[in-house]
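Written out below as structure tokens is the structure these notes cover.
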Amino acid sequence: MAGGNYDAHAIEAKWQEVWERERTWEVSNEDDDRPATYVLEMLPYPSGEPHMGHLKCYSIGDAIAHFRRRRGERVLHPMGYDAFGLPAENHAIKTGRHPRESTEASIAEFRRQFRRWGISIDWAREFGTHEPRYYRWTQALFLKLFERGLAYRREAAVKWCPKDETVLANEQAQGGVCERCGTPVEVRQLEQWFFRITDYADRLLDDLGTVDWPEHVVTMQRNWIGRSEGAEVVFRCEELGIDYPVFTTRPDTLFGATFFVMAPEHPDVFRLNDSPEVHEYVNRVLTSSSEDRGGEQREKTGVPLGRTVTNPVNGEQIPMYVADYVLMEYGTGAIMAVPAHDARDHAFAEKFGLEIRRVIEGDELPYTGDGAMTASGRFDGKHNREAFGEIVEWLEAEGKGRPSVNYKLRDWLLSRQRYWGCPIPIVHCDACGTVPVPEADLPVELPDVEDYAPKGRSPLAAAEDWVRVDCPSCGAPARRETDTMDTFVDSSWYFLRYCDALNEDAPFERSVVDGWMPVDQYIGGVEHAILHLMYARFWTKAFADMGLVGFQEPFQNLFTQGMITRGGAKMSKSKGNVISPRDYVDPHGADTARTYMLFLGPPEQDADWQDEGVGGVARFLGRLWRLAEDVAASTEDEGPPGGDPTPVLRKAHQAIEVVTRDLERFAFNHAIAQVMELVNVATAAKADAPASHLRFAVATAGSLVFPFAPHLGAEVYERITGGRVWEQPWPEADPALAAGDTFDLVVQVNGKLRDRLEAPVGADRDQLEEMARGSAKVAAQVDGGEIVKTIVVPGKLVNFVVR
RNA sequence: GCGGGCGUGGCGGAACUGGUAGACGCGCCGGCCUUAGGAGCCGGUGGCUUCGGCCGUGGGGGUUCGAGUCCCUCCGCCCGCACCA
């Protein structure tokens, strides 16, 4: 065997050195004649060292980036770090080491490993979101939103994580638990900073139609925005002379509203009834965690308020209740209850013995479907859908209601009472109020503090020298805002900064970002389906409105990768099933680790990492390397493949066709299998195929494997051709060569395979039918029966229908 | 409950618009080479079989000359949301 063994480490070091020295993957912002393409993987959160999920994400992205470059596109493929955040800070509290130190140590390790993996990154554009040169622009952009009224401060009931001692955005408290640590969240009344994302609810919803995203992600965003159309209807409490508007999606059921319910948090509850029973109930609800309260199945609880409101459609006095199944944060915090046509109201009415009045004809109660109206005065007999608008019009004319739209989406709470984040560039002045820090004074740098531990207020508040500042407006003594920003703010615009990463005068130049954006292919985990992807869309739209960018959506195509599991379970320290990329890169090399990662299965699916499988890919790459050594040593370069086509030449052209199609559809596992087939065929043909065919096949294998195993691909290609594979255009198949001269004609009788015949590729229907009729196996099957029909699919098969 | 997805050998998975089910790899079996091998190479590998074939893509039904693929229905699993009026 020529040349010994495949030394992945030597080969990988060799090519990495070339790419680093020549800055091969750097790309200029200057236009050239190539189309600009932006391939982006979600930026990593640097904690410890990269894990298997990172290897998967960047293996996918790199394959796409390489493929598109070689198809003649000018590809931007940058890297950075989402460096602010809780884990680094919690680590700092434990160890006393500054979060900047541990974060930067982690970044260094990520960078080192990414280089070792041979990911084709434009390192000139690299940054961490914790660096003042980045976050000064995060602050500048925050102020632009502030000036436009899109960032504001107000007191509100907010979600509070008692463990992390900070407030959270609604999105980070899904299911009533802290997204970071899983602790049940509490509700607190606090003054906090918000982004007015709700102003963009409709556009965030509508523009989902303009992006090419996985259906389930689009659905999740739709549900999260939760737009529902209906009406606001006013119920009046005559005794107190107060109007209570409610939101309903079913104004057609108004005649069935037999009681009225308020949320325990509703500010008017005690005004309506100040009794000990009501106080006791409300207190019990408010002190119980939101997880106890949630759940449709839970038995309904509540207390009557001893008051009534007037049903505006029929003047009936209906009783008022306070009950925890009504949520203060949705609609108006009060509802009209229609027990006949709403499951929750039905359960409540049953328990409290309230009237259940059917107003829509249909199945058994509670009935939530459509039907003819009944017990609804002049609307009786009308279909409920028809009456819907008429009732709202009528209410509107009477001044008792109007059409209304409600959203689940809440404004984005961005302030955090934590240390390791981007300072909010605001000064509080007794005279001037909330004053933005002038842009010339940015960045507001994060001060060093002694104690990072949260105490219910930001640790920054302890940095007295830093907090005390003169008001930028009037010069009087004032105090800095001490909250920091949610880290999702940092990642809401990083993809824009990559485009113009070295700009010292602005976060980015519009003409530059317009040249690259929107991201042509975004790749990341589905866990960001709502949070990051919604926030980044919102910022992009706000920027578009301010004329900072010329597009509405940041990510045109989204690919969500599946998780890597081990032993069928998510990796975790407690399960002891954690493995890291180094465990495979160290012994086998990056090419093997990356190629196996993509060979494992469809990248959008979860995949179980099995150590035994790695060996198969390592063997395949080793076989390809040896084949290249062998062929390079034992044959001469005779120029392009000529003469009669051989099976190995045909296989090479077929592989080009298949791998190209597979890369377009993210079927990397299939593409790698195809290169394996090519290598198998070429190995078998080594002894007798013409040298030019063999050399072409092996060079093609190197060329096709390059997006997955770039070092070996480059090595093999160089061995055979002397050229640099990444400078070569993506190969094109010769369709005639790929097709060959003959094909396997499938012969069926009644749809069952009976014979295969070798038929000429261009044969017409008659020829194929005649050939098939000549088959002895067909004759045996027909045996006395009659061929009543013959289906011929040229190039494929002949099927005889026999009776 | 609502929404989304999935179900193919011992395992991971192939099968583009209905047209050869199980590509490729793992594992396993047999052989070669070797002092040895957790190296390398060659061959075999869905089940049953009277060796003619027959049966096979979660179950049942349908459309079709032909269904893993389309339709209906049932079962099972996974993910997301969850008292949103």
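First the proteins, then the strands, lettered A, B, ... as listed; each starts at 1. From a predicted model like this one, the values you see are computed outputs, not experimental measurements.
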Practice problem: Please check the phosphate of B/C81 (OP1 and OP2 only) for any side-chain N or O of A/Gln174 closer than 4.0 Å. | Solution: yes

Quiz item: If you look at every strand shown and take non-hydrogen atoms under 4.0 Å, does A/Arg222 touch a base, only sugar-phosphate, or nothing?
Solution: nothing

Exercise. Establish, with yes or no, whether the OP1 or OP2 oxygen of B/C54 is under 4.0 angstrom from a side-chain nitrogen or oxygen of A/Arg754.
Key: yes

Practice problem: Remember a base hit wins even if backbone is also touched, and classify A/Glu215 as base, sugar-phosphate or nothing at under 4.0 Å, heavy atoms. | Solution: nothing

Quiz item: Taking the same atom, P, in B/G27 and in B/G12, what whole-Å distance lies between them?
Solution: 15 Å

Quiz item: Given atom CH2 of A/Trp609 and atom P of B/C26, what is their separation to the nearest angstrom?
Solution: 15 Å

Quiz prompt | Phosphate OP1/OP2 of B/A39: any A/Arg626 side-chain N/O under 4.0 Å | solution = no

Quiz item: For A/Met597 and B/C24, what is the distance between atoms CE and P respectively, to the nearest whole Å?
Solution: 24 Å

Practice problem: Considering just the side-chain nitrogens and oxygens of A/Ser228, establish if one lies under 4.0 Å of OP1 or OP2 belonging to B/A85. | Solution: yes

Quiz prompt | Output field: ring centroids A/His266/A/Tyr244 closer than 6.0 Å | solution = yes

Practice problem: Check whether any side-chain nitrogen or oxygen of A/Lys789 sits under 4.0 Å from OP1 or OP2 of B/C65, and answer yes or no. | Solution: yes

Quiz prompt | Base paired to B/G18 (Watson-Crick or G-U; both N/O distances under 3.5 angstrom) | solution = none

Quiz item: Can the ring centroids of A/Tyr584 and A/Trp609 be said to lie less than 6.0 angstrom from one another?
Solution: yes

Quiz item: How far, in whole Å, is B/C6 from B/C16 if one measures between their P atoms?
Solution: 14 Å

Quiz item: Which class fits the ring pair A/Trp625 and A/Tyr6: parallel under 30°, tilted 30 to 60°, perpendicular over 60°?
Solution: tilted

Practice problem: Starting at atom CG of A/Leu409, determine the distance to atom P of B/A82, rounded to an integer number of angstrom. | Solution: 13 Å

Quiz item: In terms of the nearest nucleotide of RNA chain B, which residue is placed more toward the 5' end: A/Val801 or A/Gln748?
Solution: A/Gln748

Practice problem: Please say whether the positively charged group of A/Arg537, taken as NZ for Lys or CZ for Arg, lies over the ring of A/Trp213, i.e. under 6.0 angstrom from the six-membered ring centre and within 45 degrees of the axis. | Solution: yes

Quiz prompt | is_close_aromatic(A/Tyr321, A/Phe260), centroid dist under 6.0 Å | solution = no

Exercise. Give a yes/no on whether any side-chain N or O of A/Asn223 is located under 4.0 angstrom from OP1 or OP2 of B/C2.
Key: no

Quiz item: Roughly how far apart, to the nearest Å, are B/G9 and B/G22 at atom C1'?
Solution: 7 Å

Quiz item: Syn or anti: how is B/G9 classified when any glycosidic angle within 90° of 0 counts as syn?
Solution: syn

Practice problem: Provide the distance between the two C1' atoms, one in B/U69 and one in B/G18, to the nearest whole Å. | Solution: 6 Å

Practice problem: Classify the nucleic acid contact of A/Asp342 as base, sugar-phosphate or nothing, counting any heavy atom under 4.0 Å across all strands shown. | Solution: nothing

Quiz item: Taking NZ from A/Lys796 and P from B/A15, how many angstroms apart are they, rounded to a whole number?
Solution: 14 Å

Quiz item: Is any side-chain N or O of A/Gln781 closer than 4.0 Å to OP1 or OP2 of B/G53?
Solution: no

Self-check item: Minimum-distance nucleotide to A/His216 side chain [options: B/C11, B/G27, B/G4]
Solution: B/G4

Exercise. From the options B/A15, B/U20, B/A14, select the nucleotide whose nearest atom is closest to the side chain of A/Arg665.
Key: B/A15

Quiz item: Under 4.0 Å between a side-chain N or O of A/Asn680 and OP1 or OP2 of B/G25?
Solution: yes

Quiz prompt | Rounded distance in Å between the C1' positions of B/A14 and B/G60 | solution = 28 Å

Quiz item: So does A/Lys752 get a side-chain nitrogen or oxygen closer than 4.0 Å to the phosphate oxygens (OP1/OP2) of B/C55?
Solution: yes

Self-check item: Separation between the P atoms of B/C71 and B/U17, rounded to whole Å
Solution: 13 Å

Exercise. Could you tell me whether the side chain of A/Lys400 and the main chain of A/Val233 form a donor-acceptor pair under 3.5 Å?
Key: no

Quiz item: Within the structure shown, what part of the strands sits under 4.0 Å from A/Pro602 by heavy-atom distance: base, sugar-phosphate, or nothing?
Solution: sugar-phosphate

